[in-house]
Undergrad: 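Structure in structure tokens, see below.
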Amino acid sequence: MLNSDLARELATQYGTPLWVMDAEVVRARVAQLQGFDTIRFAQKANPNTHVLGLLCGLGVKVDAVSRGEVLRAQHAGFSLGGAQGSMAEAVGAELVYTADLLDRETLDLVCERALVVNCGSLDMLQQLGERSPGHAVWLRINPGFGHGHSRKTNTGGEGSKHGIWHGQLPQALDLLRALGLRLVGLHMHIGSGVDYEHLARVTRAMLDAVTTVRQAGLDLHALSAGGGLSVPYRPEDPSVDTAHYFSLWDAARKQAEVILGHGLALEIEPGRFLVAEAGSLLAEVRVRKQQGDLSYLLIDAGFNDLVRPAMYGAHHAMRLITRTPRELGPTQEVIVAGPLCESGDVFTQDAAGELRPQTLPQADVGDWIEIERTGAYGSAMSSNYNTRPLAAEVLVDGADCRLIRRRQAVEDLLALESGL
Ligand code: LLP
């Protein structure tokens, strides 16, 4: 939650819609995960290069899922490579490329820059091995079950396209050996949130996979717990007990060390946990409307900026920030919606599209709404729908505030279509 005076200042200086990130919150989340040997940021949650630079400076490593994310990470200061050097270099690689497929352009980049790759399919292993013998790889395993806040975010089981199916691990290992690829570690991104029984099931599946590697006469050097640590979007949501989360994975790591007879590095790969609570979206109230019994506030941000409510029915708490300090009036139930020419452009809805009004003090045109906990998959998932430019981003660090992304101009968009 932003300090109201600061929010007024930022909205006035930079205009709205405006993404605001707080560096201190990011630092605090990193500190909570220090037990892990490696914290690898899943940059898809917030790929702004200044956010990446902040994390890089804290010793956090990075995951990339596209050629663009590799180039961003490099620009932000992460070093590339490690896949053709010693196993210690591969285990310590600053960047790991995780995917279920490699398009041709990315396969070129991965080979040229010797990026350690986390492979989620047999075809991907085959294509990489043929091009780059000796390449160091992780295997991403789909243990046959998943978890997730909606069907669209479930990361395991038959209904998920991700990872090498657990039953095909022996085949993957045969392929790996035949192609001369080198195994760095096993990775499972299931994302158990605060469901520790579920997490225990994931760690058991991981140990089964380690045993399979051992039985195949191969070795490995690291385990990755993936991401999926949840954040409390609603006041009643529990926070992840990071010490407990670590202790479950640490116990699994120790058992795996017994199976293999040597030490293993333990990684975690969160996106949301490191950045969600650090971010807010500020938007201005432009219209108040009464449609029958329902009250609406229309603001100058839409699902082109923040798509999570429209896409998943995700809940984001909101706060009214008055244009100038004033006594707040009575609260009311309001539907908060955006400017897009689309009925689903509503921030207060559930996964079925049913309206879920929020309780806010009465707003005037010109006041601002802070949409909270939007630092993960907020700006990252924005689009240019309705030819709305990407919003500006600001990073607050104590008393220091700086613009970390300028507002896109319509001219930037038109420039892509030059030649008319
Ligand atoms: N590692 C892998 C391989 C992943 O696929 C993901 C997320 C993460 C790590 C990070 O997960 P996190 O810690 O952030 O939960 N757009 C959705 C989330 C999609 C997550 C995709 N993969 C949302 O807004 O909730």
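Side chains included, hydrogens not; waters and symmetry mates left out as well; all remaining heavy atoms used. Here, residue 1 is the first one in the sequence, and each next residue gets the next number.
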Undergrad: Quick one: side-chain hydrogen bond (donor to acceptor under 3.5 Å, both in side chains) partners of S379, sequence neighbours excluded?
TA: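 Partners of S379 under the side-chain hydrogen bond (donor to acceptor under 3.5 Å, both in side chains) test: E393.
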Undergrad: Going by the salt bridge (Lys or Arg N to Asp or Glu O under 4.0 Å) test, which pairs reach into residues 65-92, not counting sequence neighbours?
TA: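 Matches after skipping sequence neighbours: R67-E105.
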Undergrad: With sequence neighbours left out, write down each residue that passes ring-ring contact (aromatic ring centres under 6.0 Å, His included) with Y14, or none if nothing qualifies.
TA: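 ring-ring contact (aromatic ring centres under 6.0 Å, His included) check on Y14 returns nothing, list empty.
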Undergrad: Going by the rule ring-ring contact (aromatic ring centres under 6.0 Å, His included), which residues pair with F303 if we only count those two or more places apart in sequence or in a different chain?
TA: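 Once residues adjacent in sequence are excluded, the partners of F303 under the ring-ring contact (aromatic ring centres under 6.0 Å, His included) criterion are Y385.
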Undergrad: Sequence neighbours left out, what passes salt bridge (charged side-chain N to carboxylate O under 4.0 Å, His left out) with D37? Give chain and number order.
TA: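 If we apply the salt bridge (charged side-chain N to carboxylate O under 4.0 Å, His left out) test to D37, skipping adjacent residues, the hits are R253.
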Undergrad: Taking only residues two or more places apart in sequence, or in another chain, which ones meet H316 in a ring-ring contact (aromatic ring centres under 6.0 Å, His included)?
TA: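 Testing H316 for ring-ring contact (aromatic ring centres under 6.0 Å, His included), a comparison that skips the adjacent residues, returns Y233.
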Undergrad: Sequence neighbours excluded, which residues qualify as side-chain hydrogen bond (donor to acceptor under 3.5 Å, both in side chains) partners of S280?
TA: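 S280 satisfies side-chain hydrogen bond (donor to acceptor under 3.5 Å, both in side chains) with E370 once adjacent residues are dropped.
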Undergrad: Quick test of your reading of the model: are D174 and R177 salt-bridged, counting only N-O distances below 4.0 Å?
TA: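 Judged by the 4.0 Å cut-off on N to carboxylate O distance, D174 and R177 do not form a salt bridge.
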Undergrad: If you look only at pairs with a residue in residues 137-146, which of them pass as a salt bridge (Lys or Arg N to Asp or Glu O under 4.0 Å), with sequence neighbours excluded?
TA: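 Checked against salt bridge (Lys or Arg N to Asp or Glu O under 4.0 Å) - neighbours excluded - no pair reaches residues 137-146.
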Undergrad: Output a table of donor-acceptor pairs, distance under 3.5 Å, between side-chain atoms of residues 214-224 and any protein atom two or more places apart or on a different chain; print 'none' if there are none.
TA:
residue	atom	partner	partner atom	Å
D219	OD1	H262	NE2	2.7
D219	OD2	H262	NE2	3.0
S224	OG	G226	N	3.2

Undergrad: Can you list the residues that meet the side-chain hydrogen bond (donor to acceptor under 3.5 Å, both in side chains) rule with R373, with sequence neighbours excluded?
TA: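 By the side-chain hydrogen bond (donor to acceptor under 3.5 Å, both in side chains) rule, R373 matches no residue at all.
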Undergrad: Residues two or more places apart in sequence or in another chain: which of them pass ring-ring contact (aromatic ring centres under 6.0 Å, His included) with H244?
TA: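 ring-ring contact (aromatic ring centres under 6.0 Å, His included) check on H244 returns Y196.
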Undergrad: Residues two or more places apart in sequence or in another chain: which of them pass side-chain hydrogen bond (donor to acceptor under 3.5 Å, both in side chains) with R40?
TA: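 Testing R40 for side-chain hydrogen bond (donor to acceptor under 3.5 Å, both in side chains), a comparison that skips the adjacent residues, returns E267.
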